[in-house]
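Shown next, in structure tokens, is the structure this report addresses.
When reading the values below, keep in mind they use all heavy atoms of this one structure, side chains included, and skip hydrogens, waters and symmetry mates.
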Amino acid sequence: MQQNSPFYEWLATTALGGANQSYIEELYEDYLHDPNSVEESWRNTFDALPKSSTAEQSHSQIRSYFQELARDNSQLGITSVVDPDVSKRFVKVLQWVNAHRNRGHLHANLDPLNLWQRMDAPTLDYKFYGFTDNDLDEEFDLGQYVYNKEKITLRELAYALKNTYCTTIGLEFMHVNDLEARTWLQRKVENLLNKPLFSKHEQVKFLEELTAADGLERYLGARFPGAKRFSLEGSDAFIPLMKEIIRHGAKNGVKEIVMGMAHRGRLNMLVNVLGKKPANLFDEFAGKHHGNGTGDVKYHQGYSSEFMTENGLVHLALAFNPSHLEIVSPVVAGSVRARQKRIGDDKFTKVLPITVHGDSAVVGQGVVQETLNMSSTRGYTVGGTIRIVINNQIGFTTSNTRDTRSTEYCTDIAKMIEAPVIHVNGDDPEAVAYAARMAVEYRTLFKRDIFIDLVSYRRHGHNEADEPLVTQPVMYKLIKQHPTPREVYAERLVTEGIIDQAKATELMNNYRDALDRGECVVPEWHPSNIERSDWNHFLTQEWTAYEGHFDPKRFKDLANKVCEYPETHPVHARVEKIYADRLLMASGEKLFDWGMAETMAYATLLDEGHSIRLSGEDSGRGTFFHRLAVLHNINERKAYIPLMNLHKAQGHFEVWDSVLSEEAVLAFEYGYATSAPKTLTIWEAQFGDFANGAQVVIDQFISSGEQKWGRMCGLVLLLPHGYEGQGPEHSSARVERYLQLCAQQNMQVCVPSTPAQIYHLLRRQMLRTVRRPLIVITPKSLLRYPLAVSSMEELVNGTFQNVIPEIDNLDPKQVKRVVFCAGKVYYDLLEQRRKNNQVDVAIIRIEQLYPYPHEEMQEILKDYAHVTDYIWCQEEPLNQGAWYCSQHNFIANLPATGKLRYVGRPASASPAVGYITLHNEQQKALVAEALAIE
């Protein structure tokens, strides 16, 4: 290599310069000749570099690596070494330091039970680098690294590294590529040695909070033996952890915290953090009924309260959660996003999300990956979430990590988004509190997710009726002998002279007395004098009317406005043609198609000051090229959204092409809708059956949330549906599943068949003073079907029709058969009947399948009181569609002599056939049968 190469010039100016240059070059030359001739740490470094064809290119790669290493070291004040006799040893010391940053957590004291079999990390031993015990007093110039000493012995450095990276906190952060964030984390943990952590007052506070966590569980165990409570015992430090996050969050500007967690420790959280009265919890254990609805078990319940800190009130909200452990995480994110939007928290400083996970669930359930993946995307970011893992080191009955995951840590999933992980021993509440503060500050500064892995144990079985000794005999023998976290910390404070034993006993007695009184036991709890609810206007239990009329002149103005886009924003020719057609609709020269009618529903709502949020995997364009809400410039990466540019006083409009997820995205939108009743929140499936991937959200939240938890929600699901021969996966939105879930007026299932109907349906959802989910079975082929059009008059002066009567001027007296149907099949029936010149079959469209419109149907059927032959015709197979779930409603309004029978495809295990010829045969046959009168 040439001595005047840029590599030499650079190396001489870095912290690794001076005499080190020859050593590093020597290493690399040896590596190029024989990779196995250099030690593993350097070999791994060189292996990671892209291979270059020339020596100078190779030197450039080395240069990039060491520039970053030098920047890291410069933060520690590490200086250059110029003595050639110590250069190699100095580099070895640097490697040793960086090994602790990378892998120190592997030797951290994290497991209170000392059962965890850790991965070996030989690079953390100074002997790995050729040093011996005889070298421990050798000094190295590491600047200001520790004790503010310019020079430090190997012995002192060993102590410093161990007590920085291998204590009861183990920090994983070297996978964070952002240098600023990584440097901040490094400084934060390396400062642990340089200052006292907590005052005596704070230490007593932590013991008081551990005492509360422990005391509640003991009290419940004695008063309600054997009852399920999913005890927190063993992970008691979770309570001071949460309270410290709240306190430190307030110091950093947080005004509101939304939390989500599963069962473990939830009752403790409700009583000892949120301030739920113990008396109310005891009533729930006793089985007493409170409130309306069917209710839910006590460890699924949510709560909200005000928490007073030195920096003011913080509003706390704990989301309701079903037994699907991780599904609440995206719900929390959606709720936080809505709250941030409501108060204009664009910098993500005032509303903080916290999600609490189990060690097996966080890595085992796919919705976690989905949620993490969308955590920094434009439409779904909330500025970072603090994610806490209550790590019991056991998954229900499986404690062998080879059965629960394929990685060293359950939190390794965090690395997919470069989230740092703070592993902390649950028996050290001060380390836990430090982790809380670090997490809050990191999230505040960098607006990204951070994990706290609270390594602890579970004192009882999965629930209190289980016997864990059956499946974990070794672990539970240790647990029975192990003192509780409160006992461990109390003994420590007594030993250090912070308190005496009498004080520790007094704290226990005081807490038990408070539980006996049944009142709130959280000193920071504060009565709320702030009206936070936006729901007062929407708490009616009745389906209210709405005003369908809209001023025609204003409507035309808006119709023209939604067709405008800048001349400097050229669009695709197909888009240009569609927008030209929409201008003709605005002028009355063409009838409205589906896309324009839907757009006008949004435009008129926005004009009236309402907000709209629409998301889905292809929502900006619309899967079937019908919406085109987002106009993409064909020459550059710019987009224009007409609905955002109506006028200055309009409501807020946002449309997002979501990540490729149904479960997490739909859960997010549910959370958003539950916190934003004044926003029309819509999720659109790319095809209706794609909602299958989000069935947990539909079953556990959307359909039952109001009855279980009293949580109203106006979320709209747009589910494309229709049998056009596209095969099993792209035909059916599984209408039967939604109808099966319908009861107690819990939601609406509608099948609009005209543009006017979707226009009024969307407006009705927003304008009525009720907020319940709306399932819309939307069309595919009807989006451009010549007969599926509506006049401007139908939009501005119409209303949503739950049932649409016969539209041809048939003489009711000549009608011998009445066919009921919904959706696309109507047009197949209509066209064939017209071809047949039939006047003896009336066709009635049922546009709202639930709640079923009995009154409207009775009124329509008055003209057919003489008819005895009634048919329900559907495209779906017999065991699918509306037939099984709704036939009792169809029959209820028939005349006394009327008989109803089914016409459609035969029962099938698959939603549809996969061959177009067979599909066409089936469709032709069912239409013919529905119309054929013997």
(message) Assess the residue pair Thr398 and Thr471 against the criterion (side-chain contact (heavy atoms from CB on, under 4.5 Å)); give the C-alpha distance rounded to whole Å, side-chain angles, the decisive distance to 0.1 Å, and a yes or no.
(response) CA-CA 8 Å; Thr398 304; Thr471 48; over 6 Å; no
(message) Checking Tyr303 against Phe320 for the ring-ring contact (aromatic ring centres under 6.0 Å, His included) test, could you report, in this order, the C-alpha distance in whole Å, the side-chain angles of both residues, the deciding distance, and whether it holds?
(response) CA-CA 8 Å; Tyr303 205 77; Phe320 295 86; 9.4 Å; no
(request) Begin with the C-alpha distance, continue with both residues' side-chain angles, and end with the deciding distance and a verdict on salt bridge (Lys or Arg N to Asp or Glu O under 4.0 Å) for Glu524 and Lys205. (result) CA-CA 12 Å; Glu524 299 91 344; Lys205 188 72 173 173; 3.5 Å; yes
Cut-off 3.5 Å, side chains only: do [X] and [Y] have a donor facing an acceptor?
X      : Y      : answer
Asp428 : Thr168 : yes
His324 : Gln365 : no
Tyr457 : Glu233 : no
Tyr511 : Asn272 : yes
Thr309 : Arg247 : no
Glu441 : Asn252 : no
Glu217 : Asn268 : yes
Asn392 : Ser235 : yes

So how far is it from [X] [atom1] to [Y] [atom2], rounded to the nearest 0.5 Å?
X      : Y      : atom1 : atom2 : result
Ile498 : Phe198 : CD1   : CZ    : 13.0 Å
Leu210 : Ile239 : CG    : CD1   : 9.5 Å
Leu220 : Leu515 : CG    : CG    : 7.5 Å
Asp453 : Asn425 : CG    : CG    : 10.5 Å
Asp412 : Arg405 : CG    : CZ    : 8.0 Å
Thr211 : Glu487 : OG1   : CD    : 10.0 Å

Between [X] and [Y], is there a donor-acceptor pair closer than 3.5 Å when you use the side chain of the first and the backbone of the second?
X      : Y      : result
Asn391 : Gly358 : no
Asp359 : Cys410 : no
Arg218 : Gly221 : no
Arg443 : Gly383 : yes
Arg448 : Gly384 : no
Asn109 : Thr167 : no
Gln393 : Ser456 : yes
Glu202 : Ser199 : yes
Tyr672 : Val331 : no
Arg229 : Ser231 : no

(message) Tell me whether the NZ or CZ atom of Arg223 lies within the 45° cone about the ring axis of Phe285 and under 6.0 Å from its centre.
(response) no
(message) Check for me whether Arg118 meets the cation-pi criterion with Trp116, that is, NZ or CZ under 6.0 Å from the six-membered ring centre and within 45 degrees of the ring axis.
(response)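 Output yes; distance and angle both within limits.
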Considering all heavy atoms of both residues, which atom of [X] and which atom of [Y] are nearest to each other, and what is their separation?
X      : Y      : value
Leu372 : Ile413 : CD1-O, 3.8 Å
Ser675 : Ser335 : OG-OG, 2.7 Å
Leu478 : Leu113 : CD1-O, 4.0 Å
Cys713 : Tyr670 : SG-CD1, 3.7 Å

Aromatic centroids of [Y] and [X] separated by under 6.0 Å:
X      : Y      : answer
Phe701 : Trp709 : yes
Phe307 : His315 : no
Tyr409 : His423 : yes

(request) Give the C-alpha distance, both sets of side-chain angles, the deciding distance and a yes or no for side-chain contact (heavy atoms from CB on, under 4.5 Å) between Val356 and Phe238. (result) CA-CA 10 Å; Val356 185; Phe238 173 67; 3.9 Å; yes
(message) Using 30° and 60° as the class boundaries, would you call the ring planes of Tyr489 and Phe206 parallel, tilted or perpendicular?
(response)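 Tyr489 vs Phe206 ring planes: tilted.
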(request) Return the orientation label for the His357 and Phe451 ring planes: parallel under 30°, perpendicular over 60°, tilted otherwise. (result)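 Because their plane-to-plane angle is under 30°, the rings of His357 and Phe451 count as parallel.
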If we only count heavy atoms from C-beta on, is the [X] to [Y] side-chain gap below 4.5 Å?
X      : Y      : result
Arg486 : Met508 : yes
Ile327 : Gln700 : no
Val382 : Leu352 : no
Val522 : Lys243 : yes
Leu270 : Leu281 : no
Arg387 : Thr411 : no
Ile452 : Leu241 : yes
Ser305 : Trp525 : yes

Thinking salt bridges, do [X] and [Y] make one under a 4.0 Å N-O criterion?
X      : Y      : value
Lys503 : Glu208 : no
Arg437 : Glu244 : yes
Arg517 : Asp513 : no
Asp345 : Arg339 : no
Glu706 : Arg772 : yes
Arg492 : Glu496 : yes

Please check if the number of heavy atoms outside [X] that lie under 6.0 Å from its [atom1] is greater than 12.
X      : atom1 : value
Glu491 : CD    : no
Lys447 : NZ    : yes
Glu310 : CD    : no

(message) Under the criterion side-chain contact (heavy atoms from CB on, under 4.5 Å), I'd like the reasoning laid out for Val328 against Val332: C-alpha separation, chi angles, the key distance, then a yes or no.
(response) CA-CA 6 Å; Val328 77; Val332 165; 4.2 Å; yes
(request) Apply side-chain contact (heavy atoms from CB on, under 4.5 Å) to the pair Lys350 and Glu256, showing each step before the final yes or no. (result) CA-CA 6 Å; Lys350 297 178 181 178; Glu256 193 168 357; over 6 Å; no
